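Let me begin by presenting the structure, written as structure tokens, before commenting on it.
These numbers were taken from a predicted model, which means no experiment stands behind them.
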Amino acid sequence: MIGETFGFTNGIITILALITGLHATKVNKIGIIGAILALLITDPLCDAYALYTSQKIIEKNSAYNIGIKAFLSQFLLQLLFLIIIFFSSTIEKGVYYCYIIGTLLIILYDRYNKLNLKESIINLTSIFILVIITYYINTYVYKYFN
């Protein structure tokens, strides 16, 4: 469960922050797709390897499975967001669809893991605060450097 939870949570937070930052800096659809493709391979692989090596120190028998589960959950989740952006008619719609799907997935995952409502609200609030901070920082960067 460690690998899936890490991959799932990290995958949603990373991809929403990336998409938000790219949208805030007025990157076109091709640029967003290219960035997600780059992230799609490197991020899950790096995170899975880090989990694998840290778990290997604690318990060698479960390390490989944790690494694989972290990679697959994060990779598939980020692939879903890539597909959403790719098939959306505009970047704005794609970003909003990603927010909606991300929120629904977090709620469903929290329900699946039997988290109480308070914990789900804290999780969603934390993610949205990170996304909002990302948006405003990148908006400022765009205005300052453009």
Side-chain angles (χ1 to χ4, degrees), residues 1-58 60 62-113 115 119-146:
M1 197 65 160
I2 293 169
E4 297 101 337
T5 299
F6 179 83
F8 187 86
T9 306
N10 189 49
I12 287 179
I13 293 169
T14 302
I15 204 76
L16 289 180
L18 176 73
I19 292 168
T20 298
L22 293 170
H23 177 61
T25 55
K26 313 279 191 240
V27 173
N28 64 23
K29 190 172 183 176
I30 299 296
I32 293 174
I33 290 170
I36 295 172
L37 282 171
L39 183 76
L40 187 63
I41 301 300
T42 58
D43 191 42
L45 189 58
C46 291
D47 291 343
Y49 183 70
L51 271 174
Y52 166 77
T53 54
S54 64
Q55 186 65 27
K56 192 173 175 183
I57 294 167
I58 300 167
K60 291 180 183 181
S62 64
Y64 181 76
N65 286 335
I66 287 173
I68 291 294
K69 289 176 182 177
F71 175 81
L72 288 175
S73 61
Q74 194 168 349
F75 177 84
L76 293 173
L77 186 71
Q78 291 179 351
L79 180 63
L80 171 65
F81 287 103
L82 173 64
I83 291 167
I84 292 169
I85 293 293
F86 184 80
F87 286 106
S88 296
S89 57
T90 66
I91 295 169
E92 291 78 19
K93 286 182 181 179
V95 170
Y96 293 128
Y97 295 152
C98 287
Y99 290 155
I100 292 166
I101 296 297
T103 301
L104 290 174
L105 288 172
I106 290 165
I107 291 168
L108 291 172
Y109 197 73
D110 286 354
R111 294 292 116 222
Y112 174 76
N113 287 310
L115 269 65
E119 290 173 310
S120 291
I121 291 170
I122 290 169
N123 289 344
L124 285 170
T125 302
S126 300
I127 291 169
F128 287 125
I129 288 170
L130 289 170
V131 168
I132 289 168
I133 290 169
T134 301
Y135 177 78
Y136 283 109
I137 287 172
N138 282 283
T139 300
Y140 174 76
V141 166
Y142 181 79
K143 288 179 184 177
Y144 183 75
F145 289 105
N146 193 15

* May I ask you to check whether over 12 heavy atoms, not counting those of Phe128, lie within 6.0 Å of atom CZ? => yes
* Asked: Is the count of non-hydrogen atoms from other residues, nucleotides or ligands lying under 6.0 Å from Lys29 atom NZ greater than 12?
  -> yes
Which pair of non-hydrogen atoms, one from [X] and one from [Y], has the smallest distance, and what is that distance?
{"X": "Gly67", "Y": "Ala48", "value": "O-CB, 3.2 Å"}
{"X": "Ile12", "Y": "Gly102", "value": "CD1-O, 4.0 Å"}
{"X": "Asn28", "Y": "Gly31", "value": "OD1-N, 2.7 Å"}
{"X": "Leu51", "Y": "Ala70", "value": "CD1-CB, 3.5 Å"}

* Do Thr53 side-chain atoms and Ala50 backbone N/O form a donor-acceptor pair below 3.5 Å? -> yes
* Check: Leu115 main-chain N/O paired with Asn113 side-chain donor or acceptor under 3.5 Å -> no
Contact check, side chains of [X] and [Y], non-hydrogen atoms, under 4.5 Å:
{"X": "Phe86", "Y": "Ile36", "answer": "no"}
{"X": "Leu80", "Y": "Leu105", "answer": "yes"}
{"X": "Phe145", "Y": "Thr25", "answer": "no"}
{"X": "Ile15", "Y": "Leu77", "answer": "no"}

Please set out all donor-acceptor pairs under 3.5 angstrom arising from side-chain atoms of residues 129-139, sequence neighbours excluded.
| residue | atom | partner | partner atom | Å |
| --- | --- | --- | --- | --- |
| Thr134 | OG1 | Leu130 | O | 2.7 |
| Asn138 | ND2 | Thr134 | O | 2.8 |
| Thr139 | OG1 | Tyr135 | O | 2.7 |

Which distance, rounded to the nearest 0.5 Å, do you find between the [atom1] of [X] and the [atom2] of [Y]?
{"X": "Asp43", "Y": "Phe75", "atom1": "CG", "atom2": "CZ", "value": "12.0 Å"}
{"X": "Tyr52", "Y": "Asn65", "atom1": "OH", "atom2": "CG", "value": "11.0 Å"}
{"X": "Tyr109", "Y": "Asn123", "atom1": "OH", "atom2": "CG", "value": "11.5 Å"}
{"X": "Leu22", "Y": "Ile33", "atom1": "CG", "atom2": "CD1", "value": "11.5 Å"}
{"X": "Gln78", "Y": "Leu16", "atom1": "CD", "atom2": "CG", "value": "10.0 Å"}
{"X": "Leu18", "Y": "Leu39", "atom1": "CG", "atom2": "CG", "value": "5.5 Å"}

Donor-acceptor pairs under 3.5 Å, side chain of residues 88-96 to any protein atom, not counting sequence neighbours: which ones?
| residue | atom | partner | partner atom | Å |
| --- | --- | --- | --- | --- |
| Ser88 | OG | Ile84 | O | 2.5 |
| Thr90 | OG1 | Lys93 | N | 3.1 |

